[in-house]
Number of protein chains: 2
Amino acid sequence: MTLGEAGANRPAPTLVSPAMAVEANRARVLQALYDIGPLSRADLARLTGATRATIGAIVLPLLERGLLVERDPAPVAPGGGKPARPLFFSPTSWPIGSVHLRPGRIDAALVSAGGNVLATAQEQFPARTRDAGSVVDAVIRALDAVLPKERDDLVGVGIAVGGMVDTDVGSIVAINLAPGLAGLPLGPLVSDRIGLPVFLDLHPRAQALGDRWFGQGRGVSSFASIYTGEAIGVGMVLDGAIHRGPKGSGGEIGHTIVQAGGQQCRCGRRGCWETIATHRWLRAEAGRLGLPAARTMTTGTLARLAAKGHPGADELFENYAYNLALGIANLQQILAPGLFILHGDVVFGGEAFRSAIERNVRAALPPHPGGEPRIAFSELQDRATLLGGAGLVLSHSLQLAV
Amino acid sequence: MTLGEAGANRPAPTLVSPAMAVEANRARVLQALYDIGPLSRADLARLTGATRATIGAIVLPLLERGLLVERDPAPVAPGGGKPARPLFFSPTSWPIGSVHLRPGRIDAALVSAGGNVLATAQEQFPARTRDAGSVVDAVIRALDAVLPKERDDLVGVGIAVGGMVDTDVGSIVAINLAPGLAGLPLGPLVSDRIGLPVFLDLHPRAQALGDRWFGQGRGVSSFASIYTGEAIGVGMVLDGAIHRGPKGSGGEIGHTIVQAGGQQCRCGRRGCWETIATHRWLRAEAGRLGLPAARTMTTGTLARLAAKGHPGADELFENYAYNLALGIANLQQILAPGLFILHGDVVFGGEAFRSAIERNVRAALPPHPGGEPRIAFSELQDRATLLGGAGLVLSHSLQLAV
DNA sequence: CTAAGAATGTACGAATCTCGACCAAACCTC
DNA sequence: GAGGTTTGGTCGAGATTCGTACATTCTTAG
């Protein structure tokens, strides 16, 4: 789970042995299936440059173990020929446990390798509790409710945490609204109790992996997945790999300064992006403008007000889009992921809001042949994070060892 | 040279064949030598996990071709044993051409694989010229002056450009002070004339590769290399790989907004980091404070004024450090590279300036077990970019094909 | 209805690489 | 000088992919 400490020596890369080659090749075949969808052996051979014979040898054990299944023959190309048998993940095989831990609430799911949610469960806990043990118990209960009794096939469990984490040891560093959980080594504790490997990571990063394996990030080499709402966070896939930073310390985009000397942030500094791109700003502005239900304002209700032509709503709608675009444009300037997948509250702003953000982002950037950045709203809805928990496990299991 | 377009489908990874394995393994052995320094076969075997027999087979052709040489036997470990023969790059072999193109000025060098600058040359051209052909001629002249007549061993040529580039085709998109070069496909033109592969990239990115292969970035998994002075730019190495973004459109950190509604930037927007973290701001402030030689103020002269206790200098010194820290802290929040290697004007501010920046960066970040970010001044001095041009070629040549 | 064409999936030998074991060389300690 | 330790080289075994040839299954033409 380690990814190199700040300034620490890079671990010396291990050489490619034949044993590793077959593992890497298997991972690449599976990755192609994730990225593109069902593919025949001949398709895979063309894509990977290998011969059909090699692909056959690689997929045979996967079919025997039930990981992959042959689907119905595909329609034949004009001119005839033997119809191809597309391969894809069995709807139920290779189950992965997934947990989303938020202050006061635990969601768990069982997800198949192909991204089917096979079971879900919820648990509650008092957000301000100091009894971290009871939270661990609740996580275990939620997992027990979804994990099958037969745990031989289980790959592992992914846990997404809405707070700062240490991905090296799998512990929680700090959660804003649940201070009692600070320092809790949730990953090892859960791993001991259920006897499976556990991968714990930041919520927006898990969400990004949901997009990467099961959403609009499939087959895309670089993109950023942004969560908005009460807070703001980002997970980034760069050149096909999720980026964490040492011990998972990256992704805290909400506290990048976009307005030096601006509003006070709850982090103590001034002008963080969070001060102008989250509910707090939206609701304060809505109150200032005298909009109805300002204290519970969301992007969805604002969009409806603006559509109805409510005085001031249109202006706030545009300003909020501009504020969101500010941080996105900064990210594009630095890393140019090219695609931004937005999750959370903003999605309810609808196409009008999406295009307003995209327009503002593009207006803020100089032209480059690399192309204009695209803003997309997630199609995974509330499944994103739980699928992302599974993606966390997949990313580790399929991580190319070479 | 392509690295995937924005939102474009990731190219399907090619499978690992035995033929590619040996190439990849050779690259890893060389990378270990770059990261760590001279190593014996036994050292390499321990580091890579391979057997000494395998390492022997890998390095033999490299020794025969003269790429590597056996150095004098190393001192023996206590307890005895046959003294190890450290291997390292021959001081002259594997020569790489390097070009640094700035408005009005061309620097060229011949660099050995081990980072020895074997020859240098300069050419001038009128910055505002519209005759792009004459600039290409000047580049060729500079290269002819440094490249050996025998071009069989030459690996390639790297070109670092102080402006926006398209790394896919190797062309210049725009240079601020040399608008006549916009759209010039310099890479292909030079490649045709000298008959070698040419890799063209953004100046700060080349500089980062200089750090990565020959400077403080050796063996470090992630870091950011920042250029400061008239403008500001960044090159990033994340998890061991340089990040470009589609067609090399990333790295424009100078035009990220850190002060929405702030000073007008030459890019047309307001509050770009460049407006408060480059010479322009420094000189304007120095003028406002009535400091001597304000119009030619640099960090070096400011540091000397502050050391002498000149009124106002100390305050400006601290404010400039704060302004620089602002953008660095943002980068650390998002990506957490952990190490920031600074180049250009700021280096002349000395240790006092370095520690002032580091202090300001750390003060702006919440604590995380990932560790505190470190700020370092480049030890490569003015060689950074030319070494980086060679690093550009190395990164492509040694890019792990698997 | 039959035969040719085309594409998919499988079987077998050749080539190549790494691994493991063994051996000679060089140095230290006793 | 003998024994131990470490380095570097040699050789056969095992594993994997590649190239080629072959069986299978569908379309299309006559």
Side-chain angles (χ1 to χ4, degrees), chain A residues 12-29 38-64 68-88 400-402, chain B residues 12-29 32-33 38-64 68-88 400-402:
Chain A
T14 155
L15 290 193
V16 180
S17 68
M20 292 167 55
V22 64
E23 197 176 333
N25 288 344
R26 185 170 49 222
R28 290 186 182 192
V29 165
L39 292 168
S40 70
R41 294 169 180 82
D43 288 334
L44 286 167
R46 276 187 291 267
L47 277 166
T48 60
T51 62
R52 296 196 302 274
T54 303
I55 298 295
I58 290 173
V59 299
L60 188 60
L62 298 176
L63 286 164
E64 282 173 350
L68 300 181
V69 289
E70 276 188 344
R71 294 192 158 187
D72 293 336
V76 199
K82 180 175 173 178
R85 293 281 169 79
L87 306 175
F88 204 61
L400 304 185
V402 289
Chain B
T14 152
L15 291 193
V16 180
S17 66
M20 293 168 52
V22 64
E23 197 176 332
N25 287 345
R26 185 170 49 223
R28 289 184 183 194
V29 165
L33 290 174
L39 292 167
S40 71
R41 295 169 179 81
D43 288 335
L44 286 166
R46 276 188 292 268
L47 278 166
T48 59
T51 62
R52 294 199 303 274
T54 303
I55 298 295
I58 289 173
V59 299
L60 188 60
L62 298 176
L63 286 164
E64 281 173 350
L68 299 181
V69 289
E70 276 188 343
R71 293 192 160 189
D72 292 336
V76 199
K82 179 174 173 177
R85 291 281 172 79
L87 306 175
F88 204 61
L400 304 185
V402 288

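This structure is a prediction, so every number in the text was calculated from the model and none was measured. Below, read A as the first sequence line, B as the second, and so on, with proteins coming before strands; counting in each chain starts at 1.
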Exercise for review: Output every pair passing salt bridge (Lys or Arg N to Asp or Glu O under 4.0 Å) with a member in residues 75-86 of chain A, not counting sequence neighbours, ordered by first then second residue.
Suggested key: E70(A)-R85(A)
Exercise for review: Identify the heavy atoms of D72(B) and P86(B) that sit nearest to each other, and give their distance.
Suggested key: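 Result for this residue pair: O-CD, 3.3 Å.
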Exercise for review: For L39(B) and A32(B), work out which heavy atoms get closest and say how close.
Suggested key: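 Result for this residue pair: CD1-O, 3.9 Å.
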Review point. So, does N25(A) use its side chain to make a donor-acceptor pair with the main chain of V22(A) at under 3.5 Å?
Key: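 No: the side chain of N25(A) does not pair with the backbone of V22(A).
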Exercise for review: To the nearest 10°, let me know how far the axis at one end of the helix from dC1(C)-dG30(D) to dC30(C)-dG1(D) is tilted from the axis at the other, five pairs an end.
Suggested key: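 What I find for the helix from dC1(C)-dG30(D) to dC30(C)-dG1(D) is an axis angle of 0°.
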Using whole Å, report how far [atom1] of [X] lies from [atom2] of [N].
X      : N       : atom1 : atom2 : value
L63(A) : dT8(C)  : CG    : P     : 17 Å
E23(A) : dA15(D) : CD    : C1'   : 15 Å
I55(B) : dG20(C) : CD1   : C1'   : 15 Å

Review point. Within the structure shown, what part of the strands sits under 4.0 Å from R26(B) by heavy-atom distance: base, sugar-phosphate, or nothing?
Key: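 Counting heavy atoms under 4.0 Å across all strands, no contact is made by R26(B).
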Review point. Reckon A57(A) touches a base, only the sugar-phosphate, or nothing at all at heavy-atom distances under 4.0 Å?
Key: nothing
Exercise for review: State whether N25(B) places a side-chain N or O below 4.0 Å from either non-bridging phosphate oxygen (OP1 or OP2) of dC17(C).
Suggested key: no
Practice item. Verify the contact: side-chain N or O of T51(A) to OP1 or OP2 of dG19(D), cut-off strictly under 4.0 Å; return yes or no. Key: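 So the side-chain polar atoms of T51(A) never come under 4.0 Å of the phosphate oxygens OP1 or OP2 of dG19(D).
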Check your understanding: Given side chains that start at C-beta, do those of L68(B) and L33(B) come closer than 4.5 Å, heavy atoms only?
Key ->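 When only atoms from C-beta onward are counted, L33(B) and L68(B) do touch, with a gap below 4.5 Å.
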Review point. Under a 4.5 Å cut-off applied to non-hydrogen side-chain atoms, are D43(B) and R46(B) in contact?
Key: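 Side-chain contact under 4.5 Å: yes.
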Point to revise | Spacing of I58(A) atom CD1 and T48(A) atom OG1 [to the nearest 0.5 Å] | key: 7.0 Å
Revision key, fill the gap. CG of L44(A) to CG of L87(A), rounded to nearest 0.5 Å, is 6.5 Å
Every protein N/O lying under 3.5 Å from an N/O of nucleotides 8-12 of chain D:
unit_1 : atom_1 : unit_2 : atom_2 : d
dG8(D) : OP1    : R85(B) : N      : 2.8
dG8(D) : OP2    : R41(B) : N      : 3.3
dG8(D) : OP2    : A42(B) : N      : 3.1
dG8(D) : N7     : R52(B) : NE     : 2.9
dG8(D) : N7     : R52(B) : NH2    : 3.2
dG8(D) : O6     : R52(B) : NH2    : 3.0
dG9(D) : OP2    : R41(B) : NE     : 3.0

